[in-house]
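I have placed the structure first, in the form of structure tokens, so that the comments after it can refer back to it.
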Amino acid sequence: GEASKSVSGLQSCWDWLAERGCRRNDVVIALGGGVVGDLAGLAAATYQRGVDLWQIPTSLLAQVDSSVGGKTAIDLSAGKNLVGAFYQPSLVLVDPRTLDTLPEPEYINGLGEVVKYGLLDDGLLSYLEANSARVRRRDRDVLARLIQTCIAYKAAVVEEDEFDRGRRAVLNLGHTVGHALEVTLGYGAIAHGQAVGLGLLVA
């Protein structure tokens with residue numbers, strides 16, 4: 001959960017790696033959702049000044065957004081993702097079949113980020129509208145196209161502005177209000193994708 005994206009959560013990761021004698025030629029594998037990816041990513045970026053990172057996202061939100069682009073972070077009481085690093089994974093492996101067993105609230109949560117990409121990409125928004133019933137059913141062909149489209153869009157933006165000094169700001173659509181809601185309500189009280197969805201309405 002979001003509460004594990006903390007200084008103490010990161011300390012636990014470092015201690016775990018050290019206790020097992022992990023070396024710089026080892027690999028940290030982030031197998032899970034966006035919180036796991038953020039926390040494991042920052043651990044990999046900082047442990048022994050950087051070890052290889054593989055992102056294997058298992059939630060829709062992580063598959064379409066957070067596993068790609070190299071942003072890793074933890075939260076502080078003052079705000080979300082305030083301490084982090086840009087650290088690109090050496091591998092991102094996405095399998096839409098992992099979404100078959102995703103709880104419905106988590107699946108819906110991921111759609112917040114999908115809609116964000118839909119608002120950034122007219123073709124994707126039209127596709128979402130035309131296939132809304134298949135999206136709700138988690139049709140694998142539709143999901144594969146959604147995931148590929150979102151990843152391609154994000155990767156192109158990140159390639160142009162890896163360190164978020166210009167164009168990459170478009171990927172924060174809905175996040176200003178979304179992050180404020182997460183901090184104000186308390187981490188975990190509202191899911192990230194839901195917060196972004198509300199932020200999109202405000203935007």
Side-chain angles (χ1 to χ4, degrees), residues 1-3 5 33-39 41 55 57-84 86 92 94 99 102-132 135-136 138 142-143 145-203:
E2 190 72 30
K5 279 179 52 177
V35 168
V36 171
D38 279 359
L39 184 59
Q55 291 276 6
T58 59
S59 71
L60 180 59
L61 191 149
Q63 289 184 1
V64 299
D65 188 69
S66 61
S67 65
V68 176
K71 280 189 176 181
T72 70
I74 58 172
D75 305 328
L76 299 179
S77 56
K80 188 174 167 73
N81 296 330
L82 289 183
V83 177
F86 290 96
V92 178
V94 174
L99 304 178
L102 200 63
E104 189 71 6
E106 270 303 309
Y107 179 70
I108 293 169
N109 181 43
L111 291 174
E113 290 284 1
V114 173
V115 171
K116 175 194 80 176
Y117 285 106
L119 293 173
L120 295 170
D121 179 327
D122 289 341
L124 180 58
L125 186 60
S126 300
Y127 184 78
L128 280 169
E129 290 174 332
N131 292 279
S132 60
V135 171
R136 287 194 298 274
R138 305 188 200 192
V142 170
L143 284 175
R145 177 164 172 184
L146 289 178
I147 293 165
Q148 288 173 339
T149 303
C150 293
I151 289 174
Y153 188 97
K154 182 168 187 178
V157 171
V158 170
E159 188 173 354
E160 185 179 326
D161 179 23
E162 181 178 1
F163 299 110
D164 203 4
R165 295 194 173 103
R167 172 151 170 70
R168 189 166 176 164
V170 302
L171 300 176
N172 293 329
L173 178 64
H175 283 65
T176 302
V177 169
H179 283 176
L181 286 170
E182 290 178 272
V183 172
T184 303
L185 297 174
Y187 296 126
I190 184 171
H192 178 69
Q194 290 176 302
V196 168
L198 293 169
L200 292 173
L201 287 173
V202 173

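From a predicted model like this one, the values you see are computed outputs, not experimental measurements.
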Practice item. Taking salt bridge (charged side-chain N to carboxylate O under 4.0 Å, His left out) as the test, write out the residues that go with Glu106, two or more places apart. Key: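 Glu106 satisfies salt bridge (charged side-chain N to carboxylate O under 4.0 Å, His left out) with no other residue.
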Exercise for review: Give a yes/no verdict on a cation-pi contact between Arg168 and Phe163, requiring under 6.0 Å between NZ or CZ and the six-membered ring centre and an angle within 45° of the axis.
Suggested key: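 Here Arg168 fails the 6.0 Å and 45° test against Phe163.
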[Y] side chain reached by [X] side chain, heavy atoms, under 4.5 Å:
{"X": "Leu143", "Y": "Gln63", "result": "no"}
{"X": "Val135", "Y": "Tyr127", "result": "no"}
{"X": "Asp121", "Y": "Leu125", "result": "no"}
{"X": "Leu146", "Y": "Tyr117", "result": "no"}
{"X": "Pro57", "Y": "Val68", "result": "no"}
{"X": "Leu82", "Y": "Asp75", "result": "no"}
{"X": "Asn172", "Y": "Asp164", "result": "yes"}
{"X": "Ile147", "Y": "Leu99", "result": "yes"}

Spacing of [atom1] belonging to [X] relative to [atom2] belonging to [Y], to within rounding of 0.5 Å:
{"X": "Leu39", "Y": "Ile74", "atom1": "CG", "atom2": "CD1", "answer": "8.0 Å"}
{"X": "Leu111", "Y": "Ser132", "atom1": "CG", "atom2": "OG", "answer": "11.0 Å"}
{"X": "Leu171", "Y": "Leu120", "atom1": "CG", "atom2": "CG", "answer": "7.0 Å"}
{"X": "Leu102", "Y": "Leu61", "atom1": "CG", "atom2": "CG", "answer": "10.0 Å"}

Exercise for review: Before giving the answer on side chain to side chain contact (heavy atoms under 4.5 Å, CB included), spell out for Arg145 and Asn131 the whole-Å C-alpha distance, their side-chain angles and the decisive distance to 0.1 Å.
Suggested key: CA-CA 11 Å; Arg145 177 164 172 184; Asn131 292 279; over 6 Å; no
Nearest heavy-atom pair of [X] and [Y]: which atoms, and what distance?
{"X": "Gly34", "Y": "Ser66", "answer": "CA-OG, 3.4 Å"}
{"X": "Asp38", "Y": "Lys71", "answer": "OD1-O, 3.7 Å"}
{"X": "Gly1", "Y": "Val35", "answer": "O-CG1, 3.3 Å"}

Can you give each donor-acceptor pair under 3.5 Å made by side-chain atoms of residues 185-202, sequence neighbours left out, with the distance rounded to 0.1 Å?
from	atom 1	to	atom 2	distance (Å)
Tyr187	OH	Leu76	O	3.0
Tyr187	OH	Gly79	O	2.9
Tyr187	OH	Lys80	N	3.0
His192	ND1	Glu182	OE1	3.0
His192	NE2	Glu113	OE2	3.1
His192	NE2	His175	NE2	3.4
Gln194	OE1	Ala191	N	3.3

Review point. Salt bridge between Glu104 and Arg138, side-chain N to carboxylate O under 4.0 Å?
Key: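 The answer is yes: the pair qualifies as a salt bridge.
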Practice item. State whether Lys116 and Asp65 are salt-bridged, where the test is any N-O pair (Lys NZ or Arg NE/NH1/NH2 against Asp/Glu carboxylate O) under 4.0 Å. Key: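 Between Asp65 and Lys116 there is a salt bridge, with a charged N closer than 4.0 Å to a carboxylate O.
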Point to revise | Check against side chain to side chain contact (heavy atoms under 4.5 Å, CB included), Val92 and Val94 | key: CA-CA 6 Å; Val92 178; Val94 174; 4.0 Å; yes
Exercise for review: Test Leu128 against Val114 for side chain to side chain contact (heavy atoms under 4.5 Å, CB included), laying out the working first.
Suggested key: CA-CA 9 Å; Leu128 280 169; Val114 173; 3.8 Å; yes
Point to revise | Whether Ser67 side chain and Ala62 backbone form a donor-acceptor pair below 3.5 Å | key: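 Indeed, once roles are kept as given, a pair shorter than 3.5 Å links the two residues.
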